[in-house]
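Reviewing the structure listed below.
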Amino acid sequence: MKVIEAILILLLPVIILKITHVTSVLILSFLAAGYIFILYIMIRRIALNSFIPEISLLLLGGLILGPHGISLVDVKVLENMNFIEDLALGFFLFYASRHIKYKRIKNNLKEITTVFVVQTTVVTAVSILFILKLFRSFALGAVLPLAVILSSKSPEITLAVVEEREKENNFVENVLGITVMKDLFLIFILAIFIAIKSGSILSILNLLFSIAVGIVSAVLTMAYLRCVEKELPVFMTLIIIFLVLVSRTLGLNVLIVTLISGIIIENFCKKGEEALDNLKYSFPFSLSLFFFLQGASYRVIGLKSVLLLALLLLLLKITFTFISTYFTLHLLKAPVYEKKWLWTALISQSGLSLYLVNLLVKYGIIESSSIILTVFVFIEISALLAPPLFKMALINSFKRSDER
Amino acid sequence: MGTVILFFILLLLFIASFVSFHGRKIILKEIGFLTAGYLLGYIVKKFINVGQINSLWLFLSVGSGYFLMLFGLQFSRSTIKKISRVSFLIAFIESGIIFLMALGVGLFFIKDLNLDLHLALLASLSASPLLIYSQKKLDSNKLYALYLDPLLAIFILLVLTLANGKRSILPMLFPLYLIFVLIIVKGLERREQEMNLFLFGSTTLLAGLSLSHKIEPVIPPFITGLLISNLGNKYRRGFLNFLQNMEKSIYLAFLVLIGFFLKPVFNVRTLMGILVISAIRGFIKYFLFRSIYAMIPGPMVLAIGSGFYILTGRGDFLFYFTFYYVINHIFLLKGSVNEGY
């Protein structure tokens, strides 16, 4: 496909949409969704033969076409598609959770736990020192949760890059093991901290409820799968829609609910893998919609004022993530490519981190708008830059496994 | 806490209904899926605001566009050549008679002319192509005649659209752009996921454009299918196979989605009108084709019906169309549902 032809394909609908002067938010949402799907075909072609993963291009596409770019998807459309975005996340995580296999993770549990503990402790400690040094006026009580967020990562980005390669090896298993363990642990720590700070146990209850809803829905789904084998794609689709609706209504975390539910079904149900495979058709839609809308919702106003600081934070995170994982894996006598590349999987941040920041803002733990903006920009930059590094690492690791 | 418990009780109920509906001898599968969808919608509407629920129309429009695109794809030049003039004549006369009959009966029972016109259009449609194809007993002329039925409905919709001069025809030109995409993006037919993205992306874009120009959202997807079938010949087979493989799942999900949006309206006069139309229609169909399968309306009824619903936003339309659809499926109780799908 030539460049001019590709540009024509992408620009024509935008021009048509601009000249038709559509004002209905519902119709604009239809048009945006349709356009995202067509755009994703192009993105897949570009990503196929390059080190740039699909999600980086989707995030970038969202940023360019979103409210801060040419405004094909404006703020009202984004708000209207908020529910669709959650649905997309639910479908995406449910399907992608089939990569997280407890039996395989169990074999490398020592390595996974050690890397997770060392890396999290080092990055959190360094972040605390950095924040205290940089923001002298910063309330001491807010330092720890902010540092926790800086050291967290994004399970959805990791899963999306893994899914794009459609392959698994020891490296992938370790990465996914660390990702799940780390994120659940950090969310839990943060929930406890917010509970102490705000004097209310609501945040802990919210987390526990999210986990409980995930477990209960998984058990019910497993019971259903034991009795019925027919029309599984329809049933799985409905279960996810239902879970997302329940989560939204009760103010639970969609990510935790669907991820927990998916992992349990995959690992504790005989027909789990088959059931999750039925969501294969929905995967490209959920992936493209979710990451495009995420990109479109990124904040760029005032970016210049905090860009340098955000880049500095990212550099700090990369440096200490690399040092801590390299030396831990060196002591554990892990393969060379794992030592060199595992850090790439631990720096990406996206939806989960944004959710955690919003939680801190909601409970009044962070109030300074410049700090909030810095953290948002830090997360957004890492979401754009980290996936290509991780994809390169994955390609490299697969080459090594094939050579063996 | 009470809300959480209520949610789980309703979830259990929903799953239980879903499981029990698989026993085909107890109840029609179609009714099972519609009821499961209705139950889901009933729960959800209690807790979620209308704006967010309306964003699910997206899936409804994609589903309806999908069936029309599939229908359009089946009309390649070579297929049309195979169909005899007799088939065209039977289809035209048979669906024309039913259309006029339904319009007349409807005028007596149903006071809403708009609803009557749309019901008459839906009554003129026949069974799904798959169901028709499974009936080897019918001779080829009659088989193709049933197959061609929706053409008249689409033609009437097209005339109605063009007759309204204020409406732009941009959505009807948009399929040409999609053909352009197909020609440029090479190798699409070999990549299943990309084909999937193209089809659903096209139908969603087309639905959005149609709604913004107040055109029935089912016409542009039909034109697209027709164009792909005749201009992008190398894609036709791939698309057709792919869509037919997914037809059953989409049909069932579509039923659940329609159930989700259902709002029962018990206007006895209108319901009586629908019963009378169904009875006369059933009689005419059986008289002409001597097969109960000719009497069953296909998913096209739901596709076009939900198109009307999306365009007008009238919940009563969707309920009456679904009522008509279910009532006419009672004939299937005599046979097996699996023969349909």
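Letters go in sequence order (proteins before strands), and every chain restarts at 1.
Atom CE of B/Met195 and atom CD1 of A/Ile41 lie 10.5 Å apart (nearest 0.5 Å). Note that OH of A/Tyr40 and CG of B/Asn196 are 11.5 Å apart. Values are rounded to the nearest 0.5 Å. For the atom pair OG (A/Ser288) and CZ (B/Phe200), the distance works out to 12.5 Å, reported to the nearest 0.5 Å. Atoms CG and CG, on A/Leu31 and B/Leu209 in that order, are 5.5 Å from each other to the nearest 0.5 Å.
For chain B, no part of A/Ile36 is nearby; none of its heavy atoms comes within less than 4.5 Å.
Closest non-hydrogen pair, A/Ala33 versus B/Thr204, comes out as CB-CG2, 4.1 Å. When all heavy atoms of A/Tyr35 and B/Leu205 are compared, the closest pair comes out as N-CG, 3.9 Å.
A/Ser297 pairs by the side-chain contact (heavy atoms from CB on, under 4.5 Å) definition with A/Leu78, not counting sequence neighbours. Residues passing the side-chain contact (heavy atoms from CB on, under 4.5 Å) test with B/Ser61 are A/Phe30, B/Ala207, B/Ile310, sequence neighbours excluded.
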